[in-house]
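Since the structure comes first, as structure tokens, the remarks are kept for the end.
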Amino acid sequence: MTLRISPEEIASRSASPLLAVAHWWERCRLGDVAEVANGAAFKSKEFNTNGDGLPLIRIRDVGQPEASTHYSGEYKTDYLVQSGDLLIGMDGDFRIARWNGVQSLLNQRVCRLRVGSSRFYSDRFLEHVLQPYLDEIHKATSAVTVKHLSSRTVQDLPIPLPPRAEQERIVSAIEEHFSRLDFAETALEATRSKLQTLRRSVLAAAFYGRLTNPSHTTNADCEQLPGDWRLASIADVAEVHLGRQRSPQHHTGEQMRPYLRAANVTWDGINLEDVKTMNFHDADFDRFRLTRGDILLNEASGSPNEVGKPAVWGGEIEDCCFQNTLLRLRPRDLNGDYLYWYCYSSALSGRFGEAGRGVNIRHLGKRGLSQFPIPLGPRAEQERVVDAIEESLSRLDAAEATFDAVRSKMGAFRRSVLAEAFAGRLVPQNSDDEPAAALLARIAAERPVRPTSRKRSK
């Protein structure tokens with residue numbers, strides 16, 4: 001269902017900082033300064049991913065550098081998109097983006113905007129001014145599933161109309177501020193990437209004695225353990241079990257119990273938002289019941305760096321079991337936190353994925369996990385390793401939290417730049433500018449008369 005919000009309702013929301021406009025400006029209807037065109041319902045049987053025909057811009061491609069689908073059938077030139085055209089995704093979050101790819105076709109549920117006359121309106125100004133309006137429509141639109149936008153709503157938007165020369169000054173100021181923010185965000189992401197590399201380095205060093213004993217060096221060809229360390233297999237130090245298979249015969253029964261599956265194990269721990277149940281008879285329950293301190297690992301994944309992703313069970317749900325999409329480790333004769341962090345490191349680095357079987361989906365399996373090697377120091381050294389890991393990662397977590405806060409402030413600054421721009425405070429006025437009222441009158445004078453509908457006489 002497509003829902004519409006009236007121009008009057010949008011105008012009534014102008015108290016929002018991003019919708020308020022300078023008092024010496026006017027407003028105009030978007031459809032009076034820009035051509036608004038909807039895409040076509042191209043036949044899906046002509047879709048392909050081998051590059052045959054023209055790229056087809058679907059809603060998922062708005063904001064992307066290229067389209068993921070091509071169309072090899074017939075089309076009208078009315079639906080061509082050129083590099084530089086503005087696009088709006090008509091479903092979901094209503095995003096506007098400039099198309100910078102090659103000549104392509106416009107699919108249904110994607111809207112194309114072209115400014116009719118640059119004498120009246122700046123294409124770049126429209127790009128900046130429109131997103132806050134789309135966000136306001138999104139907030140005012142209710143939908144059970146996916147929100148839909150109509151092209152008529154877009155055409156009727158009462159957008160700000162500053163003097164034409166002032167539009168250019170505003171665009172220059174906005175893009176100067178945004179350019180600096182883009183540079184800062186790029187530098188921020190590069191630093192964040194280095195933090196992730198450092199996180200992996202900390203974990204790799206920890207299990208060969210280098211984190212607690214920096215003087216320990218390694219051989220150029222392989223890792224060397226300190227003299228009092230040894231190499232074991234995971235089965236030597238923990239019980240390894242695969243969870244219970246979920247089958248129709250277990251969907252109902254007199255002993256329905258909660259169980260965890262791969263979706264419940266995340267990098268941040270156990271997620272209990274969606275816990276399923278199935279029937280466990282006493283013998284199965286004893287075998288698959290979780291106890292506090294058990295380590296659960298994802299048995300398989302399509303991503304090598306997700307295979308073996310671990311989380312520690314803290315006993316959050318009484319009498320909980322686990323499914324065969326998970327492996328359970330129950331530590332014995334070693335520090336449980338040491339085993340968890342070793343599994344975390346092996347998953348994050350992709351070593352569990354490399355040890356798995358399969359092509360598209362990598363399966364670690366009970367056997368693969370049991371045979372997986374683990375370096376072991378004395379018990380006291382294991383505890384020192386755990387302390388060193390948690391201290392180092394705590395500092396990295398704090399640094400990432402700082403980056404997140406800075407990024408959030410950058411987003412707030414972008415919004416404040418736009419709010420100041422549309423309130424007329426970002427650039428100075430110029431008495432030589434043509435007044436917005438005169439510009440509005442010229443737009444009205446050159447606007448084609450829209451046909452009126454007549455009722456059919458009886």
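If you read the sequence from its start, that first residue is 1, and numbering goes on from there.
Using modelled atom types, no side-chain atom of Ser345 and backbone atom of Cys343 make a donor-acceptor pair closer than 3.5 Å. A side-chain donor-acceptor contact under 3.5 Å links His138 to the backbone of Gly92. Side chain of Asn264 to main chain of Asn271: a donor-acceptor pair is present (N/O by atom type, distance under 3.5 Å, no hydrogens or angles). In this structure, the side chain of Tyr71 engages the main chain of Glu74 through a donor-acceptor pair within 3.5 Å. The backbone N or O of Gln382 sits nowhere less than 3.5 Å from a side-chain atom of Asn335 that would complete a donor-acceptor pair. Judged purely by atom type and a 3.5 angstrom limit, Ser346 uses its side chain to pair as donor or acceptor with the backbone of Tyr342. Proximity of a side-chain donor or acceptor of Ser193 to a complementary backbone N or O of Glu189 within less than 3.5 Å is not detected.
Listed by first then second residue, pairs satisfying side-chain hydrogen bond (donor to acceptor under 3.5 Å, both in side chains) with a partner in residues 33-46 read Glu35-Arg112, Asn38-Ser151, Glu46-Ser72, not counting sequence neighbours. Each salt bridge (charged side-chain N to carboxylate O under 4.0 Å, His left out) pair with one or both residues in residues 358-372, not counting sequence neighbours, would appear here, but there are none. Among pairs with a residue in residues 306-318, those fulfilling side-chain hydrogen bond (donor to acceptor under 3.5 Å, both in side chains) read Trp267-Glu306, Glu306-Lys309, at least two apart in sequence or across chains. Within the structure, salt bridge (charged side-chain N to carboxylate O under 4.0 Å, His left out) contacts touching residues 59-68 (residues at least two apart or in different chains) do not occur.
Residues Tyr259 and Phe322 place their aromatic rings such that the two centres sit no closer than 6.0 Å.
Asp284 meets the side chain to side chain contact (heavy atoms under 4.5 Å, CB included) test with Arg244, Phe280, Phe288; sequence neighbours excluded. Considering only residues two or more places apart in sequence or on other chains, Arg330 meets the salt bridge (Lys or Arg N to Asp or Glu O under 4.0 Å) condition with Asp294. Contacts of Asp319 classified as side-chain hydrogen bond (donor to acceptor under 3.5 Å, both in side chains), with partners at least two apart in sequence or in another chain: Arg289. Take Ile295 and apply the side chain to side chain contact (heavy atoms under 4.5 Å, CB included) test, not counting sequence neighbours, and it matches Leu297, Pro310, Val312, Leu329, Pro331, Leu339, Tyr340. Applying the salt bridge (Lys or Arg N to Asp or Glu O under 4.0 Å) rule to Lys276 yields the partners Asp274; only residues at least two apart in sequence or on another chain are considered. Applying the side chain to side chain contact (heavy atoms under 4.5 Å, CB included) rule to Asn360 yields no partners; only residues at least two apart in sequence or on another chain are considered. Considering only residues two or more places apart in sequence or on other chains, Val417 meets the side chain to side chain contact (heavy atoms under 4.5 Å, CB included) condition with Ile174, His177, Phe178, Phe413, Leu426.
Closest approach of Ile374 to Ile234, counting heavy atoms only: CG2-N, 4.0 Å. Of all heavy-atom pairs between Ala97 and Val62, the closest is CB-CG1, 4.0 Å. Shortest non-hydrogen contact noted between Val102 and Pro55 is CG2-CG, 3.8 Å. The two residues Leu106 and Phe42 make their nearest non-hydrogen contact at O-CE1, 3.1 Å. Between Pro258 and Ile317, the shortest heavy-atom distance links the atoms CG-CG2, 3.7 Å. Between Ser104 and Trp99, the shortest heavy-atom contact is OG-CZ2, 3.5 Å.
Dense packing is recorded around NE2 of His363, with more than 12 heavy atoms of other residues, nucleotides or ligands lying under 6.0 Å away.
Under the 4.5 Å side-chain criterion, counting only non-hydrogen atoms from C-beta, Gln108 is not in contact with Arg58. No side-chain heavy atom of Gln131 sits under 4.5 Å from any side-chain heavy atom of Glu136. Looking at Leu260 and Thr325, their side chains never come closer than 4.5 Å, going by heavy atoms from C-beta outward. Contact check for Leu203 versus Trp341: side-chain heavy atoms found under the 4.5 Å cut-off. Side chains of Arg414 and Leu418 form no contact here, defined as non-hydrogen atoms less than 4.5 Å apart. Here the side chains of Arg328 and Thr291 are not in contact, with every heavy-atom distance at 4.5 Å or above. Between Asn48 and Thr69, every side-chain heavy-atom pair lies at or beyond the 4.5 Å cut-off. Side-chain contact between Leu157 and Ile137 is present, with heavy atoms from C-beta onward closer than 4.5 Å.
Side-chain contact of Asn298 with Ser301: a donor-acceptor pair under 3.5 Å is absent, judged by distance alone. In this model, no donor atom of one side chain and acceptor atom of the other lie less than 3.5 Å apart for Asp52 and His70. For the 3.5 Å distance criterion, the side chains of Asp32 and Gln155 fail to qualify, holding no donor opposite an acceptor.
The pair Asp282-Arg287 fails the salt-bridge criterion, with no side-chain N (NZ, NE, NH1 or NH2) lying under 4.0 Å from an Asp/Glu carboxylate O. Look at Arg124 and Glu127 and you find a salt bridge, because one of the NZ, NE, NH1 or NH2 atoms lies within 4.0 Å of a carboxylate O, short of that distance. Ion pairing between Asp397 and Arg199 holds under the 4.0 Å rule for side-chain N and carboxylate O.
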Step by step, would you call Ile270 with Leu296 a side-chain contact (heavy atoms from CB on, under 4.5 Å)? CA-CA 9 Å; Ile270 301 291; Leu296 295 169; 4.2 Å; yes
Mind running side-chain contact (heavy atoms from CB on, under 4.5 Å) on Asn107 and Leu56 for me, showing each step along the way? CA-CA 6 Å; Asn107 197 43; Leu56 181 65; 3.8 Å; yes
Could you go step by step and tell me if Arg29 and Asp156 meet the side-chain contact (heavy atoms from CB on, under 4.5 Å) rule? CA-CA 5 Å; Arg29 179 176 170 271; Asp156 289 344; 2.9 Å; yes
Quick one, Ser179 with Asp182, criterion side-chain hydrogen bond (donor to acceptor under 3.5 Å, both in side chains). Give me CA distance, side-chain angles, the key distance, then yes/no. CA-CA 5 Å; Ser179 177; Asp182 290 342; 5.7 Å; no
Between His148 and Asp91, does the side-chain hydrogen bond (donor to acceptor under 3.5 Å, both in side chains) criterion hold? Intermediate values first, please. CA-CA 5 Å; His148 302 287; Asp91 290 344; 2.5 Å; yes
Kindly indicate, with the supporting measurements, whether the criterion side-chain contact (heavy atoms from CB on, under 4.5 Å) is fulfilled by Arg246 and Met278. CA-CA 8 Å; Arg246 188 175 186 273; Met278 64 175 158; 4.0 Å; yes
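Relative orientation of the Phe207 and Tyr338 rings is perpendicular, given thresholds of 30° and 60° on the angle between their planes.
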Atom pairs and distances, donor-acceptor, side-chain atoms in residues 82-90, under 3.5 Å, two or more places apart:
residue	atom	partner	partner atom	Å
Gln82	NE2	Gln103	OE1	2.9
Asp85	OD1	Arg114	NE	3.1
Asp85	OD2	Gln82	N	2.8
Asp85	OD2	Arg114	NE	3.2
Asp85	OD2	Arg114	NH2	2.9

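Taking CG from Leu181 and CZ from Arg407, the interatomic distance works out to 11.0 Å, rounded to the nearest 0.5 Å.
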